[in-house]
**Student:** 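Would you mind keeping the following structure in view while I ask a few things?
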Amino acid sequence: MIQNELKKYIAQAFLDLYKAEISSDSIAIEKTSDDYEGDYTFVVFPYLKTTRKSPEQTAQQIGEYLIQQGAPIQSFEVLKGFLNLVVKAEFWIQFLQNEAQLPEFGSNQSGNQQKVLVEYSSPNTNKPLHLGHIRNNLLGYSIIQILKANGFEVKSCNLINDRGIHICKSMLAWLEQGNGETPESSGIKGDHLVGKYYVVFEKQNKLEKEQLIASGMSEEEAGKSTPSMKRAQDLLRKWEAGDEETIQIWKTMNGWVYDGFGQTYTKLGVNFDQFYYESNTYLLGKELVQEGLDKGVFFKKADGSVWVDLTEDGLDQKLLLRGDGTSVYITQDLGTAELKFGDFAYNRSVYVVGNEQDYHFKVLQLILKKLNKPYAEGIYHMSYGMVELPDGKMKSREGKVVDADDLIQEMVQTAGETTEALGKTEGLTEEAKADLFHLIGMGALKYFLLKVDPRKKMLFNPAESIDFQGNTGPFIQYTHARIRSVLRNGAGLETSFEASSISVSKAEKNLLKNLYQYPLVVAEAAREMSPGVVCNYLFDLAKSYNQFYHDHSILKEENPAQRAFRLVLCDSVGRVIRHGGSLLGIGMPEKM
RNA sequence: GGUUCCAUAGCUCAGCUGGAUAGAGCAACGGUUUUCUAAACCGUGGGUCGCAGGUUCGAGUCCUGCUGGGACUACCA
């Protein structure tokens, strides 16, 4: 790493010039701002007390020292307290020849094969997926690829919430008003069909609730007392009692939903190593609750309910088991954590779950720590912001959602229309066209959702379509297609060259410097748990490639060494774009 | 009420552990194609970084207060 090398030289400079011992780790080297000549900058302001010289003098002396001692720089420039260093051109060329061409360029082994389990998606089975779920799925998928590229051994899982009152609502409405409708009979995708009956239930329930309120009942009371809600609860009780007919309907309707989800997952390009079902895990937590009682970290109230006191940790008391002995959400999660650890002895367990559950995960981890679970420390809530519409958060219950399947279809369609309009479908079979449109449409959608810092909420305006130009997925895909086109046209040309027989222009050096950053970006993405870091990088890289492409001729360059250099540069940029795209789940076309 | 997150151009977002004149994209306007893919490239206009203090050589970044907004704070999941 050139930065580290420079730091060592600078630390040595302090020792020799000023008799001051400064660890090279504490020295900050940053990229030189574009407005100035130079590649890296050392800021001397913090060290003036030890050098007892003016900023200019200090910078000048250190710069001269670096040249004298043979640091890998060819020149330097001092502006106020800024020492701008120009790295030797050969350095960049050697980097291109020796490192950038390696297939594993960008990846590292810092994870040391530590085991990470990533849970993501985790849908309810009473309604189809919406845009918020897409963000979750893409983040989960991407962070898995990023962790793998950093040398972690990663397994993915999906905890499906297949039981509970919400599923019973769909079941009830279907039983009462469905007339035996099935996905086959109606031609409706399974998850949408079940979602349809969820909406039927909610509509009916809302009417009943309004009637109760009109007759003088409080809103809270009315919410629990509608005839529909009571019947749904009856159904839940029957389910928990194992009533055969109820279980049968439950299985059938969940089956429809899984078919539907499966199709959506396939379109999104996500997959899972393992599925967990809450119907299997919801009872497991009870054992942990008993364990906590035995250890005296939980306590029982007079009505038999079990609680944990987290007031010392700045939180409240938290219910772990209802008075009637049934489990609540957190109980299940305790059990699931234990189960997961048993299946895959992880060092870290990542939960890709929205930030509305920040409190929940804080509690979960605290409780597991109180139980002295060895895996408690490794729990990490990858908390991401909600996707909001211009008028606020999406609400399934009110039908205020952007449906996942609709949006995907729309993106692919727009990609098709755009591609056709640009006349880029010549000679493609229908199948190749469909694949390309899907690749581009999904590229646009994925990039749109992943480029934003996961921690932040983001806005989606359905009235404005997602762009295909500028800072977008298709821009990067297009850049890749251009590169591939050049390489196809230049196939067979010589690609080895002597560093001494070429010159490196500003655009070329800029591109090389960008390439050089890539391994740092991959590491940062894992450290920050943010695919957005990769997005921003790829956009920068593609932009500097396009500038280079615009400024220089590649195949028509007459100096064979220079041409070879540019071809290798193109190839390396193409590799990095593909590698980076794979971290995001975005495929790169050969032509578009 | 308590906990917590957020506020940067008309819109959507970058801005790494504090560093030089705060950057992109979209939208607006203007230019570039007999030359490797114009989903591209170049240029113009656009800012009290929510407000007020503080810390220091230096603050969009750190601290305090205020304003505005979101989430959580259920014997829902």
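Convention: sequence-line order gives letters A, B, ...; per-chain numbering from 1.
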**Student:** Take A:E464 and A:E590, find for each the nucleotide of RNA chain B with the closest heavy atom, and name the residue whose nucleotide sits nearer the 5' end.
**Tutor:** A:E464
**Student:** So does A:K424 reach the base of B:U37 with its side chain, donor to acceptor, closer than 3.5 Å?
**Tutor:** yes
**Student:** Using Watson-Crick or G-U wobble geometry with both distances below 3.5 Å, tell me the partner of B:G47, or none.
**Tutor:** none
**Student:** According to a strict under-4.0 Å criterion, is A:Q547 in side-chain N/O contact with OP1 or OP2 of B:C42?
**Tutor:** yes
**Student:** Quote, to the nearest angstrom, the C1' distance that separates B:G31 from B:G47.
**Tutor:** 26 Å
**Student:** Are side-chain N/O atoms of A:S505 and A:E508 paired as donor and acceptor at under 3.5 Å?
**Tutor:** yes
**Student:** With rounding to the closest Å, how many angstrom separate the P atoms on B:C42 and B:G19?
**Tutor:** 26 Å
**Student:** Can you tell me the Watson-Crick or wobble partner of B:U35, both distances under 3.5 angstrom?
**Tutor:** none
**Student:** Is A:D234 paired with A:R231 through a side-chain N to carboxylate O contact shorter than 4.0 Å?
**Tutor:** no
**Student:** Less than 5.5 Å between centroids and less than 30° between ring planes, does A:F82 satisfy that with B:A20?
**Tutor:** yes
**Student:** Looking at every strand, decide which applies to A:E528 at a 4.0 Å heavy-atom threshold: base, sugar-phosphate, or nothing.
**Tutor:** nothing
**Student:** Check the distance between B:G19's P and A:L83's CG and give it to me in whole angstrom.
**Tutor:** 17 Å
**Student:** Which heavy-atom pair separates A:S122 from A:E119 by the least distance, and what is that distance?
**Tutor:** OG-OE2, 2.9 Å
**Student:** Between B:G45 and B:G25, how far apart are the two P atoms, rounded to whole Å?
**Tutor:** 15 Å
**Student:** Expressed as a whole number of angstroms, how long is the span from A:R322:CZ to B:C76:C1'?
**Tutor:** 8 Å
**Student:** Roughly, in whole Å, what's the span from CG in A:N461 to P in B:C13?
**Tutor:** 11 Å
**Student:** Rounding to the closest angstrom, what is the interatomic distance between B:A71 and B:A28 at atom P?
**Tutor:** 34 Å
**Student:** Would A:F539 pass as stacked on B:G25, i.e. its ring centre under 5.5 Å from the base's six-membered ring centre and planes under 30° apart?
**Tutor:** no
**Student:** Which part of the nucleic acid does A:T479 contact within heavy-atom distance under 4.0 Å: base, sugar-phosphate only, or nothing?
**Tutor:** nothing
**Student:** So does A:D303 reach the base of B:C75 with its side chain, donor to acceptor, closer than 3.5 Å?
**Tutor:** yes
**Student:** Does A:T419 contact B:A39 through a side-chain donor or acceptor facing the base, at a distance under 3.5 Å?
**Tutor:** yes
**Student:** Any base atoms under 4.0 Å from A:K543, or only sugar-phosphate, or nothing? Heavy atoms, all strands.
**Tutor:** sugar-phosphate
**Student:** With a cut-off of under 6.0 Å to the ring centre and 45° to the axis, is A:K169 in cation-pi contact with A:Y198?
**Tutor:** no
**Student:** Between A:L436 and A:V452, who's closer to the 5' end of RNA chain B by nearest nucleotide?
**Tutor:** A:V452
**Student:** Would A:H360 and A:Y329 count as a ring-ring contact (aromatic ring centres under 6.0 Å, His included) if you check the C-alpha gap in whole Å, the side-chain angles of each, and the deciding distance to 0.1 Å?
**Tutor:** CA-CA 9 Å; A:H360 173 75; A:Y329 181 44; 4.3 Å; yes
**Student:** Write down the distance between CD1 (A:I440) and P (B:A40), rounded to a whole number of angstrom.
**Tutor:** 12 Å
**Student:** Using the six-membered ring for Trp and the full ring for Phe, Tyr or His, decide whether A:Y478 stacks on the six-membered base ring of B:A40 (centres under 5.5 Å, planes under 30°).
**Tutor:** no
**Student:** In whole Å, measure the gap between the C1' atoms of B:U73 and B:A14 for me.
**Tutor:** 33 Å
**Student:** Checking all strands, does A:M458 fall into the base, sugar-phosphate, or nothing category for heavy-atom contacts under 4.0 angstrom?
**Tutor:** sugar-phosphate
**Student:** On a plain distance test, is the side chain of A:N546 in donor-acceptor contact with the base of B:A38 below 3.5 Å?
**Tutor:** no
**Student:** On a whole-Å scale, what distance lies between the C1' atoms belonging to B:A59 and B:G53?
**Tutor:** 13 Å
**Student:** Taking 4.0 Å as the cut-off, does a side-chain nitrogen or oxygen of A:R482 come that near to OP1 or OP2 on B:A38?
**Tutor:** yes
**Student:** Indicate, with a heavy-atom threshold strictly under 4.0 Å, whether A:T472 touches base, sugar-phosphate, or nothing.
**Tutor:** nothing
**Student:** Considering only NZ, NE, NH1 and NH2 on the basic side and carboxylate oxygens on the acidic side, decide whether A:E420 and A:K433 come within less than 4.0 Å.
**Tutor:** yes
**Student:** Determine whether the side chains of A:Q469 and A:Y478 contain a donor N or O and an acceptor N or O closer than 3.5 Å.
**Tutor:** no
**Student:** Regarding A:D313, tell me which of base, sugar-phosphate or nothing describes its non-hydrogen contacts under 4.0 Å with the strands shown.
**Tutor:** nothing
